[in-house]
Amino acid sequence: MHQHRVIIAGAGLGGLTLAHGLRARGFDVAVYERDRHPDARPQGYRVQLDEPGLAGLERCLPEHLFRLGLATAASPPARVSVRDRHLGVLADRLTAPGPDPIGGSARPYRSYAFNRPTLRQILLSGLTDTVRYGAELLSWEREQDGTVTARFADGRSASADLLVGADGVGSAVRRQLLPHARVEDAGLRLIYGRIPLDALDALDTGVGEVEEAEAGALPPWVFDSIFTVVTGGPGSPHVGFGPVRFASPPGAAGPAHTPPVPLTPVGDYIACLVGAPADHPAMPSFEALRGLDGPALRELAGRLVGDDWHPDVRRLLDHWETGSLFPLRISTASPVPPWEPGPVTLLGDAIHAMSPVLAMGANTAIRDAAELTRTLAGAAASGAPLVDGVRAYELRMREYAFPVVAASRRTGRQRVGQH
């Protein structure tokens, strides 16, 4: 029986999830990542996974890695809050456990807050012989026998039955496959970082409430929701807070029945971002923003969040860890009409980049990985051409992903001034 070969361009959350799913089903998988090592650049901190992402992980990962992921994640109160700059509540939505959107499981999934670097370490476990670093994909070409050959900047090339572009917003795979696809600047700039809880003078009562020990202590509303947006109003800056208090801190011993996976120790923290429209008077160009160091980024955030904001917000920003700060430019994809399926496809931000306001980017990328795993495995098991699995995946992906992109755009316009 022919063992299908798959090349995955990009070792992000979606690409690594797909690698696990396909390897477990007998595919020969190779992941090519342009970064020279896993920690070559900042990739964020907290990532929220709901039913699409959790169902995708459970379907693709070995059971012990899925359990380890949940054990080292946080599970804050299942609500999302929006407040004005004086902390008046504008919206407060419960996020009830949701059903499995992929199918096959009757149990609901509740929301978890993962530390992104920890989740990547878990996803990389068992893939040492699968991921090749320092491999920037330049181009690909379809061969006469129906296979595809990928060519990399360092002179390497590799051939496979399928190439999957999981290479993010600037996807080289997408540029060649769908040159007409548009990814737009959403007109938002973010300064992102973390507030370590061990650096703050707060008392934990042991029942999930935080009491202020003195003026510098954490306000309790920060922990009332899985994520809180504090907005200055249309066209104004906004601030986001996402608490991450681990059930079992990464780096601590996992459950006794799981094989050990070495994880970098991480303490509890609050993921914190300050965002503003790109045309805000205090916001420099993105090129200039990228040139600022941590202290300068925090100073800029202080200018964006004015003196008329609630003192709690400004006090929290005073505790931002400057070494953790980096800027982000937000992009959003336009829907792409159906295309003829072949030995090349796309997942995640490479095809449906979206605003982060609904926390669905990573969820949808991981769902892509599970859906593609399912359709490719089905085609292989039935003896059908692999392109049949690609066709089924692309049809399904367009049905669920682009409505989420549109919903993220609408919510971004309403809450944070996205274009």
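Below, each value reflects all heavy atoms present in this structure, side chains not excepted, and no hydrogens, waters or symmetry copies.
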Trainee: Any salt bridge linking E287 with R290? Criterion: basic side-chain nitrogen under 4.0 Å from a carboxylate oxygen.
Mentor: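 So E287 does not pair with R290 through a salt bridge.
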
Trainee: Side chain to side chain donor-acceptor pair (under 3.5 Å) between S355 and Q418: does it pass, once the steps are laid out?
Mentor: CA-CA 8 Å; S355 166; Q418 175 180 337; 3.0 Å; yes

Trainee: Taking it one step at a time, do R25 and T373 satisfy side chain to side chain donor-acceptor pair (under 3.5 Å)?
Mentor: CA-CA 8 Å; R25 289 156 181 83; T373 294; 5.4 Å; no

Trainee: For C272 and W320, which heavy atoms make the closest approach, and how far apart are they?
Mentor: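 Closest pair (atom of C272, atom of W320, distance): CB-NE1, 3.1 Å.
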
Trainee: Hydrogens and angles aside, do Y400 and E371 bring a side-chain donor and acceptor to less than 3.5 Å of each other?
Mentor: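 Side chains of Y400 and E371: no pair found under 3.5 Å.
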
Trainee: Working to the nearest 0.5 angstrom, can you tell me the gap between I366 CD1 and L18 CG?
Mentor: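 Between atom CD1 of I366 and atom CG of L18 there are 11.5 Å.
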
Trainee: R151 side chain to W140 main-chain N or O, any donor-acceptor pair under 3.5 Å?
Mentor: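 Not at all, since once roles are kept as given, no pair shorter than 3.5 Å links the two residues.
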
Trainee: Write down the atom of R23, the atom of G126, and the distance for their closest heavy-atom approach.
Mentor: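 What the structure gives for the nearest pair is NH2-O, 3.2 Å.
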
Trainee: If every non-hydrogen atom of G14 is compared with every non-hydrogen atom of A369, which pair is closest and at what distance?
Mentor: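 In terms of heavy atoms, the two residues are closest at O-CB, 3.5 Å.
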
Trainee: Looking at R182 and E184, is there a salt bridge between them, counting it only when a charged N and a carboxylate O are closer than 4.0 Å?
Mentor: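 Here E184 pairs with R182 in a salt bridge, since their nearest N and O are under 4.0 Å apart.
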
Trainee: Salt bridge or not for R79 and D224, using N-O below 4.0 Å?
Mentor: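 Here R79 does not pair with D224 in a salt bridge, since their nearest N and O are not under 4.0 Å apart.
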
Trainee: Take atom CD of E63 as the centre, draw a 6.0 Å sphere, and report whether it contains more than 12 heavy atoms from other residues, nucleotides or ligands.
Mentor: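 Open: at most 12 neighbouring heavy atoms sit under 6.0 Å from CD of E63.
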
Trainee: Measure across A150 and I7 and return the closest heavy-atom pair with its distance rounded to 0.1 Å.
Mentor: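 So the minimum-distance heavy-atom pair works out to CB-CD1, 4.3 Å.
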
Trainee: Could you tell me whether the side chains of R5 and S159 share a donor-acceptor contact shorter than 3.5 Å?
Mentor: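 The criterion, which ignores hydrogens and geometry beyond distance, is not satisfied for S159 and R5.
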
Trainee: Would you call V239 and V229 a side-chain contact if the rule is heavy atoms closer than 4.5 Å?
Mentor: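 A side-chain contact is absent here, since even the closest heavy-atom pair is not under 4.5 Å.
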
Trainee: Checking the side chain of S285 only, and the main-chain atoms of A288 only, is there a donor and an acceptor separated by less than 3.5 Å?
Mentor: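 Side chain of S285 to backbone of A288: a pair is present.
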
Trainee: Tell me the closest heavy-atom pair linking L300 and P284, and the distance in Å.
Mentor: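 What the structure gives for the nearest pair is CD2-CD, 3.8 Å.
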
Trainee: Look at the side chain of Y192 and the backbone N and O of G275, then say whether any donor-acceptor pair between them is shorter than 3.5 Å.
Mentor: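 No, the answer is negative, given that no donor and acceptor are paired below the 3.5 Å cut-off.
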
Trainee: Is R315 paired with D312 through a side-chain N to carboxylate O contact shorter than 4.0 Å?
Mentor: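 Looking at D312 and R315, the cut-off is met.
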
Trainee: Can H86 and D308 be counted as having a side-chain donor-acceptor contact under 3.5 angstrom?
Mentor: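 No, D308 and H86 have no side-chain donor paired with an acceptor closer than 3.5 Å.
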
Trainee: Under the side chain to side chain donor-acceptor pair (under 3.5 Å) rule, what do R391 and Y393 come out as? Steps first, then yes or no, please.
Mentor: CA-CA 5 Å; R391 178 181 291 106; Y393 158 71; over 6 Å; no

Trainee: Are R314 and D307 within salt-bridge range, i.e. N to O under 4.0 Å?
Mentor: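 A salt bridge links R314 with D307.
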
Trainee: Does Q176 form a side chain to side chain donor-acceptor pair (under 3.5 Å) with S139? I'd like the steps, not just the answer.
Mentor: CA-CA 7 Å; Q176 189 173 338; S139 65; 4.9 Å; no

Trainee: May I ask you to check whether R83 and T231 show a side-chain donor-acceptor distance below 3.5 Å?
Mentor: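 Checked: R83/T231 side chains show no N/O donor-acceptor pair below 3.5 Å.
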
Trainee: Any donor-acceptor pair under 3.5 Å linking the side chain of D84 with the backbone of V230?
Mentor: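 Judged by distance alone, no pair lies under 3.5 Å.
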
Trainee: So, R189 and D185, do they make that salt bridge, N to O below 4.0 Å?
Mentor: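 The answer is yes: the pair qualifies as a salt bridge.
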
Trainee: Indicate yes or no for a side-chain donor-acceptor contact from T375 to the backbone of L372 under 3.5 Å, with no hydrogens or angles considered.
Mentor: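 Side chain of T375 to backbone of L372, a donor-acceptor pair under 3.5 Å: yes, one is there.
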
Trainee: Which residue pairs satisfy the side-chain hydrogen bond (donor to acceptor under 3.5 Å, both in side chains) criterion with at least one member in residues 28-38, sequence neighbours excluded?
Mentor: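 Sorted pair list: D35-R41.
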
Trainee: Drop me the distance from R409's CZ to L358's CG, to the nearest 0.5 angstrom.
Mentor: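 Here the rounded value is 12.5 Å.
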
Trainee: When rounded to the nearest 0.5 angstrom, what distance separates CG in D167 from CG in L346?
Mentor: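 Interatomic distance, D167 CG to L346 CG, rounded to 0.5 Å: 7.5 Å.
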
Trainee: Is it true that F227 and F241 have ring centroids separated by less than 6.0 Å?
Mentor: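 No, ring centres 6.0 Å or more apart.
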
Trainee: If you compare all heavy atoms of V148 against all heavy atoms of P343, which two are closest, and at what distance to 0.1 Å?
Mentor: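 Closest approach of V148 to P343, heavy atoms only: CG1-O, 3.7 Å.
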
